Structure formats: C-alpha cells, structure tokens
Peer 1: 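One structure, as structure tokens, below. Some questions next.
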Number of protein chains: 2
Amino acid sequence: MTLKIGELAALSKVSRDTLRFYEKHGLITPSARNASGYRLYSDADVHRISFIISAKEVGFTLNEIHQLLKLEVTKDEKSCQDVKQFVDDKIAVVNQRLAEIKRIKTSLQTLSNACCGGDKPATHCTILEALSDQTN
Amino acid sequence: MTLKIGELAALSKVSRDTLRFYEKHGLITPSARNASGYRLYSDADVHRISFIISAKEVGFTLNEIHQLLKLEVTKDEKSCQDVKQFVDDKIAVVNQRLAEIKRIKTSLQTLSNACCGGDKPATHCTILEALSDQTN
DNA sequence: GTAAACCCTAGAGTATAGTCTAGGGTCAAG
DNA sequence: CTTGACCCTAGACTATACTCTAGGGTTTAC
Ligand SMILES: [Zn+2]
Ligand SMILES: [Zn+2]
Ligand SMILES: [Zn+2]
Ligand SMILES: [Zn+2]
C-alpha cells in the first residue's frame, strides 16, 4: 500500500507542507517517487510519521525526535538504558521549564493579589508600583 | 544625571544591543542625543528600563510590556481594574502553559517508568514501542 | 597623535516549527 | 479537451527575542 502526500496528510492529520518540511529536515523521506516525481509513502513511512507525531505529543522537539529516530532505527545496537536516559534527560528539562513557569505564576499571582482592582485611577496601583520598583 | 548606552547597559545588566532593540520596538527611547548622536538616558529612562526588566522577569512578553507601559504612562486615566485584569489575563495564559507542560511531564514519566532501563538491546523497549504505536 | 574603547546605522543571522506564495506540471471526470 | 483537485520546487514570511556583522565616527588616556 502506498500513499500520496495528501493521503498521508489526511491520515496523519498534519499538512502536506508539514510533511515536506519534516522531509527537508531529515525526519522522514518517502521510500519512493512515481514517474512524475510525486512522493509515495510506504507502510514503514506511515509507521515513521506516526512515531514522529507521538513523540511530538509527548513534548519532544523536532531535533530530539531526530535523535529518537536514530535510537529507534538502531535499536538492536542500543540498550533500554540509552533510551530511558534520553527520556529522563528530557524530563529534567521539562522540570526546569515547569519550575520557571511556576515561578512566573506565583509572581503574577502576588502582583494580582496586592491590587485592589477598583475603578479608581491606577496612580496608586501596587502592580505598577511593583514593576517600577528599582530593586535591581 | 545622564547615561550613555554602555553605562545603562552595565547598570541594567542587559546588552547595548538589547537596548537598541527595545528602542527599535518602541519600548524605550532615550530622552536625548549628544552632538555626535550618542544616546543619552535620563533618570526617567532608567526607571523605564527597570520597569521593562521587572515585567520581563515576571513573564510578560515584549508585546505585553508594550501594553503595560501604556497603562503605566496613562495610569491616571486607567483604573486598578484595568491593570489587574491585564495581569489576570496573563495568569490565565500561564495556567494553560502550565497545564500543557504538566501533561507532557506525565507522559514522559509514564514512558520512563515503563522502561526497564537495562543494558540489553532496545528491540523490546516499551518507550520505542509506545512511540511507534499507531493509536492515532 | 594614536590606539583602545566606545558609539552609530542598517541589515543579516539564530532557533523553533511551520505556513504561504508563485509558477508550473499531472491526473481523473465529464 | 478542459476543469478542478492534486502534485512539484524554491524561497519568502510568521512570531519571539535577541545577537552579530560590516563599515564607519568619537572620545579618552598615554
Ligand atoms: Zn487600587
Ligand atoms: Zn492596582
Ligand atoms: Zn528494557
Ligand atoms: Zn526500554
């Protein structure tokens, strides 16, 4: 079974452009072209794009998916340790981002809580004051 | 007291380039130039860059800081309600990002937990399997 | 009086992840 | 045999927030 780009796009719920973009960046190359140069995707290709999409959904960047695909393709030379390590490294990065966003949320919440929210002029607003404060 | 760009940069711990970049994007314009065209920053300018930096630290984008500066400058025409609403809107956005990152973290954690992490070939690796799974 | 350190502008480059456009070829249906 | 839906390429454009480069002018210290 082979699919043309539009068919694979519909199946995978990504755009044709995205498939071509992934190809340009070495993530997936159709296993064949027809006489007119149309891309033809095989079952293996469908499998691969599915892998890419799943990996995106769990938060890997395209660059990381690149690495993951290498692991996947050479999985008989790699160990579970290698794969797990890769995921754990990503978890560490995600945890950092999480901490940063939590910090931001807390800061904003503190700002908001201090403001009276009334309809009088904001000349006395604690939010604007706090942002203007030269504590740096 | 007036400062040249390098002095303000050192004081504010941002780069000269960043100051010029902010200027190009309408965030801060030095109140004067000397005869040679050098930027000269006043106390008010220092105050303004401090506002910008504080706002960045609590997670506002440059675009949002633009809006905030408008609120700050016209604070006698604006109410606390306006300012608080602005912050609360941002909190809502941050909460969404937080939820998304938590989702990602959970997914990654689930993947990692299922993998044995051993040193045998990853041909049986549950992580690679899960990512390959065509449930879409 | 010259060299280092600083300033200027305009514009290109970086990273991320696509989306869109122009200009043209291909294929199936009626 | 033509119309619409599809395919191709190359390259520009989006958003975000800078950073760097090239090619000059200025200031300051020795
Ligand atoms: Zn108030
Ligand atoms: Zn207020
Ligand atoms: Zn294992
Ligand atoms: Zn495993």
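Because the structure is predicted, anything quoted here is derived from the model rather than measured. To find a chain, count down the sequence lines: A is the first, B the second, and so on, and within it residues start at 1.
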Peer 1: When the nearest nucleotide of DNA chain D is assigned to A/G37 and to B/T18 on a heavy-atom basis, which residue is associated with the more 5' position?
Peer 2: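 Nearest-nucleotide comparison on DNA chain D picks A/G37.
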Peer 1: Within the pair B/S15 and D/dC18, is there a side-chain N or O less than 4.0 Å away from OP1 or OP2?
Peer 2: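 It does not, given that no N or O in the side chain of B/S15 lies less than 4.0 Å from OP1 or OP2 of D/dC18.
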Peer 1: If you compare every side-chain N and O of A/K4 against the phosphate oxygens of C/dA28 (OP1, OP2), does one of them come in below 4.0 Å?
Peer 2: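 Answer no for this pair, as no side-chain N or O of A/K4 is under 4.0 Å from OP1 or OP2.
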Peer 1: Within the side chain of A/H25, is there an N or O that forms a donor-acceptor pair under 3.5 Å with the backbone of A/H66?
Peer 2: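 It does not hold such a pair.
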Peer 1: Tell me whether A/E72 is salt-bridged to A/K75, with the criterion being a basic N under 4.0 Å from an acidic carboxylate O.
Peer 2: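 Between A/K75 and A/E72 there is a salt bridge, with a charged N closer than 4.0 Å to a carboxylate O.
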Peer 1: Using salt bridge (Lys or Arg N to Asp or Glu O under 4.0 Å), reason through A/R20 and A/E23 one step at a time and then give a plain yes or no.
Peer 2: CA-CA 5 Å; A/R20 284 189 280 249; A/E23 181 175 344; over 6 Å; no
Peer 1: Which sits closer to the 5' end of DNA chain C, A/A35 or A/L62, going by the nucleotide each is nearest to?
Peer 2: A/L62
Peer 1: Please state how far atom NE2 in B/H25 lies from atom P in D/dT19, giving the value in whole angstrom units.
Peer 2: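 Answer to the nearest Å: 13 Å.
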Peer 1: Of the nucleotides C/dT16, C/dC27, D/dT16, which one has an atom closest to the side chain of A/S36?
Peer 2: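 Comparing C/dT16, C/dC27, D/dT16 against the side chain of A/S36, the answer is C/dC27.
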Peer 1: For a 4.5 angstrom cut-off between non-hydrogen side-chain atoms, does A/R33 reach A/L40?
Peer 2: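 A side-chain contact under 4.5 Å is absent here.
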Peer 1: In whole angstrom, what separates A/L19's CG from D/dT9's C1'?
Peer 2: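 So the CG-C1' distance, A/L19 to D/dT9, works out to 16 Å.
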Peer 1: Are B/R20 and C/dC8 close enough that a side-chain N or O sits under 4.0 Å from OP1 or OP2?
Peer 2: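 B/R20 to C/dC8 OP1/OP2: side-chain N or O found under 4.0 Å.
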Peer 1: Would you say B/K24 places a side-chain N or O within less than 4.0 Å of OP1 or OP2 belonging to D/dT19?
Peer 2: no
Peer 1: A/R16 has an atom CZ; how far is it from atom P of D/dC7, in whole Å?
Peer 2: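 Atom CZ in A/R16 sits about 5 Å away from atom P in D/dC7.
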Peer 1: Send over the distance from B/R39 CZ to D/dT26 C1', rounded to a whole Å.
Peer 2: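 To the nearest whole Å, that distance equals 15 Å.
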Peer 1: CG of B/N34 versus P of C/dC8: gap in Å, rounded?
Peer 2: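 These atoms are roughly 8 Å apart.
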Peer 1: Would you please test A/F51 and A/H47 for ring-ring contact (aromatic ring centres under 6.0 Å, His included) and show each step?
Peer 2: CA-CA 6 Å; A/F51 184 98; A/H47 179 253; 7.3 Å; no
Peer 1: Kindly say whether, by distance alone, the side chain of B/Y38 makes a donor-acceptor pair under 3.5 Å with the base of D/dG25?
Peer 2: yes
Peer 1: Quickly work out the A/E7 CD to C/dC27 C1' distance and round it to whole Å.
Peer 2: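 The distance from CD of A/E7 to C1' of C/dC27 comes to 13 Å, rounded to the nearest Å.
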Peer 1: If you check the A/T61 side chain, which of C/dC8, D/dA17, C/dA17 turns out closest?
Peer 2: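 The listed nucleotide nearest to A/T61's side chain is C/dA17.
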Peer 1: Atom CZ of A/F21 to atom P of D/dG11: distance rounded to whole Å?
Peer 2: 16 Å
Peer 1: Rounding to a whole Å, what distance do you find between B/Y22:OH and D/dT16:P?
Peer 2: 14 Å
Peer 1: Of the options D/dT19, D/dC8, C/dT19, whose atoms approach the side-chain atoms of B/D17 most closely?
Peer 2: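 Minimum distance to the B/D17 side chain belongs to D/dT19.
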